[in-house]
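Reading through the structure tokens given below for one structure.
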Amino acid sequence: MRLLVWKYKDMYDHKEIEGKWQSRWRKAGEKTVSADPSLPKRYILDMFPYPSGAGLHAGHVESYTATDIYARYSRAKGFNVLYPQGFDAFGLPAENYAIKTGVHPAETTNQAIANFTRQINSLGFSYDWQRTVNTSSPEYYRWTQWIFLLLYKNGLAYKKKAKVNWCSSCQTVLANEQVVDGVCERCSQLVVQKDLEQWFFKITDFIEDQEFSGRQLKGLLSGLDNIDWPESTKAAQRHWIGKSEGAEIDFSVSGQEDKIRVFTTRLDTIFGCTYLVLAPEHPLVEKWQTNVSNQTEVASYLLSTRQKTDLQRTDLNKDKSGVRLEGIKVSHPFTGQDLPVYIADYVLSSYGTGAVMAVPAHDERDFEFAKKYNLPIKKVIRPLKDDQNIEDSVFTDEGLLKDSEIYDGLSSSEARQAMIDFLEKISSGQRRINYRLRDWLVSRQRYWGAPIPIIYCPKCGSVPVPEKDLPVLLPTDVDFRPTGESPLKYSADFQKVICPQCGQAAKRESDTMDTFVCSSWYYLRYTDSHNDEVLADRTKLDYWLPVDVYVGGAEHSVMHLLYARFFTKVLEKYGHLSCNEPFLKLRHQGIILGEDGNKMSKSKGNVVNPDNLVEQYGADSLRIYEMFMGPLEDMKPWNSQGIVGVRRFLDKVALLADDFNGQDDDKVLILLHKTIKKVGEDIENFRYNTAISSLMIMANALYSGRQENKWPLSLASLENFLLILAPFAPHLSEEVWAKTGHENSIFTYSWPVFDPEMVKDEIIKLVVQVNGKIRALIDVPVIISEEEAWSLVENLDSLKKWLEGKEIMRKVFVPGRLLNIIVK
Ligand code: ANZ
Ligand code: ZN
């Protein structure tokens, strides 16, 4: 009785079959994908990895498996699929390593790329390597520089002196996003502020919609409305952009011409304003420094705030400090009352007007500050509902006005309208929108990045490098050791340049670009990676873009995903692209935790190594295990028993290839058709974990038949099972496919079609209610969805008299039981 003593383990030799099929697939080459406009396309994309020395981690495997399943499925569904992979190769870690060891970053990067490629291939991902990109190669960064020039020529790249976040350990400028709780995201060194000439991209020009040469272009804000992204990611972008509608109001300074202009979103609280606060960098502070009677106190305060970053300054939990400008008084625009003026570093110079009207009763920061310096707190807003106890605390909600003269009793929003109308009339204020988003600081004083293609000529000033001279090559004769200045300054080769305009000796810009610039457009290059005349052929761009599905980590919700959208909009505006949003559908893979529930990290020793798992259990097991751990987007802990269970499932499948001959059993056949339907729908919706559990149920059904020594499926039916398993377990499916007598690869076959008769479910009577009263009963399949049910009910004659002329407020749907329509 061979079957009864059959052991799960070692039913197939994964090393042998995976190696064999990987090399055969490579030989056959990926199906070359052409930009044939008659074919329906799917562009499926992963966020490309930074090739770190540590190699592939469990999270990479998670997102790449998710896209590979989708790509293989889409090909089987008849789509022309673009599925590329590449490397985000510039960046600090390679450079820091070079500083420590003296090994050139290009060398470590190439080694890491080779290792990543080997690992990626060992998992059987079906990437089209023909199209790969490496952002640190001159063929690639030539076009990064070309985009820089496009921005420059259109006034969207500019240089200005700026207070920047400076990490003294990395010796470089950091973007705001790279400063976490006041310290450098990479090395945890305290970040300080420094004034430096820096390059910026004008991303703020693209926040709102704009009209350009007769075209209506969607901005970064409204563009979010029509893309299929996780709501939380859209919310993060909206928050980052931080649109805030308010007003700018003038307070006149007693005995002086000067006015202090403040920005407020809560003009309705103005009768509660008891003092003003200026940012320490406010121009009037410098002007008044000698007018105030407490000069030394002011001077020493100014000195102390210079050390802090914006993030430290605005942190709600940090103690608020400030100092009064003794002798300066302003007058309240409504009451004429004299108010004192303070400087405090919780007010930022870079936001609004750099000055605020402080309303301690209704703003938390002002409240804290007022308590600390014993300033009056005056309540002018009361809650809409009286039951809220607001005695000793700040009340920050909107409400009804009190103690505000003629505005008493108005709601907050009514009061804002009436007040701004009045102030506009007397020219003391105006409506105003502010944004939190700043222009993007893109220059870095580092070596391992794309050089900025600008030449400084003593006579002509800043001159862009002519396009024909691109790329500006990164020199190799440099000393990496950080000095606070760009290493490129000290390269003799690099600095030898003549002005393209007048031919005199000139100097090159020695800063390089933020690596986020390189990764803002790589998805365009994949459509035509080897083109050396243009960034990518226009017909190819038009065919493949936008990306249909993009998968990557939620940690990229703001920076990368916002910058990429910005680049797409710039290229569209200037006629290089026909789409306005780069990524139609976005999904995040969840973080995989260590077996102990902590974040995987070397120091905790809870990291899993994909190489070992592939070696021990096979690539198919690792792929399926990671997809079976839970919903793709969920955070989930590793469980080393889990992969063993998955391997057992695959061993059962391996058995299918043995002395095969069978006949369809009705029950098993129905299950098969339901599985085909379910797996297809689940893949479309990235519900891989439930797809896998139905595949497992199916395998069990086959296996129990087998134990009774009969085959419950015909070969034709078994083929269908293998076809739907193949995107998940490509190697094993291909092996069994071959063993059951097929000559061509399983990946040249179409996705099976289920028989609708076979998947029909039980019919039930759905109760249809209007405002909770039963008005109809209809026969429907038990699995009907709310939309399907509504489409049946909508035009039902017997419901007409209950629905006609009524407004439908909402619907309550209990699957398989009732639909209740709430009308008014
Ligand atoms: C008075 C007031 C009363 C305010 C109240 C709020 C609540 P958002 O929504 O982020 O735009 N503010 C203005 N400029 C500032 C600056 N440069 N630094 C720090 N704070 C600043 O925030 C706008 C509000 O933040 C403004 O409305 C102002 O305080 C403050 F009950 O004015 B408000
Ligand atoms: Zn010149």
Side-chain angles (χ1 to χ4, degrees), residues 163 176 204 207 221 235 238-251 260-285 305 308-318 320-322 330 332-334 339 341-371 375-383 390 393-404 407 410-413 415-416 419-420 423 428-438:
K163 220 170 111 166
N176 282 338
T204 52
I207 295 175
L221 270 181
R238 288 195 187 98
H239 178 75
W240 195 256
I241 292 168
K243 180 173 183 170
S244 150
E245 292 177 65
E248 285 186 4
I249 309 299
D250 288 327
F251 285 73
I260 296 179
R261 176 157 270 228
V262 305
F263 171 70
T264 177
T265 48
R266 292 297 306 275
L267 182 57
D268 52 306
T269 64
I270 195 165
F271 283 86
C273 169
T274 51
Y275 58 96
L276 297 196
V277 190
L278 303 181
E281 304 83 357
H282 196 284
L284 287 175
V285 176
T305 65
K308 300 192 207 163
T309 66
D310 284 0
L311 278 159
Q312 290 169 309
R313 286 168 51 160
T314 48
D315 189 339
L316 271 179
N317 304 315
K318 293 264 160 68
K320 304 277 161 298
S321 72
V330 295
H332 191 286
F334 285 91
L339 304 176
V341 179
Y342 280 77
I343 55 176
D345 62 10
Y346 75 88
V347 176
L348 302 177
S349 60
S350 56
Y351 189 71
T353 61
V356 306
M357 59 177 225
V359 185
H362 303 292
D363 179 278
E364 260 166 76
R365 291 164 306 175
D366 299 340
F367 181 74
E368 247 184 79
F369 191 83
K371 287 239 289 231
L375 290 153
I377 298 172
K378 185 179 166 203
K379 289 203 171 85
V380 293
I381 306 289
R382 60 186 169 85
I390 54 157
S393 57
V394 244
F395 177 67
T396 56
D397 292 353
E398 309 219 328
L400 300 175
L401 273 76
K402 62 171 192 168
D403 294 330
S404 300
Y407 302 98
L410 295 186
S411 71
S412 288
S413 75
R416 281 196 292 271
M419 288 171 169
I420 192 65
L423 291 172
S428 291
Q430 64 197 86
R431 290 177 165 83
R432 168 88 206 192
I433 296 173
N434 270 317
Y435 302 91
R436 222 167 73 91
L437 184 68
R438 298 278 89 101

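Both ligands and their constituent atoms are indexed starting at 1 by order of listing.
- Ring geometry for Phe271 versus Phe334: interplanar angle of 30 to 60°, hence tilted.
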For ligand 1, which of its N or O atoms have a protein N or O partner closer than 3.5 Å, and how long is each gap?
| from | atom 1 | to | atom 2 | distance (Å) |
| --- | --- | --- | --- | --- |
| ligand 1 | 11 (O) | Ser244 | OG | 2.6 |
| ligand 1 | 11 (O) | Tyr351 | OH | 2.5 |
| ligand 1 | 17 (N) | Leu348 | O | 2.7 |
| ligand 1 | 17 (N) | Tyr351 | O | 2.9 |
| ligand 1 | 18 (N) | Leu348 | N | 3.0 |
| ligand 1 | 27 (O) | Thr264 | OG1 | 3.4 |
| ligand 1 | 27 (O) | Thr265 | N | 3.0 |
| ligand 1 | 27 (O) | Thr265 | OG1 | 3.3 |
| ligand 1 | 32 (O) | Thr264 | OG1 | 2.7 |

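- For the pair Ile381 and Arg266, the minimum side-chain heavy-atom distance is below 4.5 Å.
- Take Ser349 and apply the side chain to side chain contact (heavy atoms under 4.5 Å, CB included) test, not counting sequence neighbours, and it matches Ala279, Glu281.
- With sequence neighbours excluded, the residues forming a side chain to side chain donor-acceptor pair (under 3.5 Å) with Ser411 are Glu414, listed by chain and number.
- Between Asn434 and Tyr351, the closest side-chain pair of non-hydrogen atoms falls below 4.5 Å.
- Contacts of Ile433 classified as side chain to side chain contact (heavy atoms under 4.5 Å, CB included), with partners at least two apart in sequence or in another chain: Lys243, Glu245, Tyr435.
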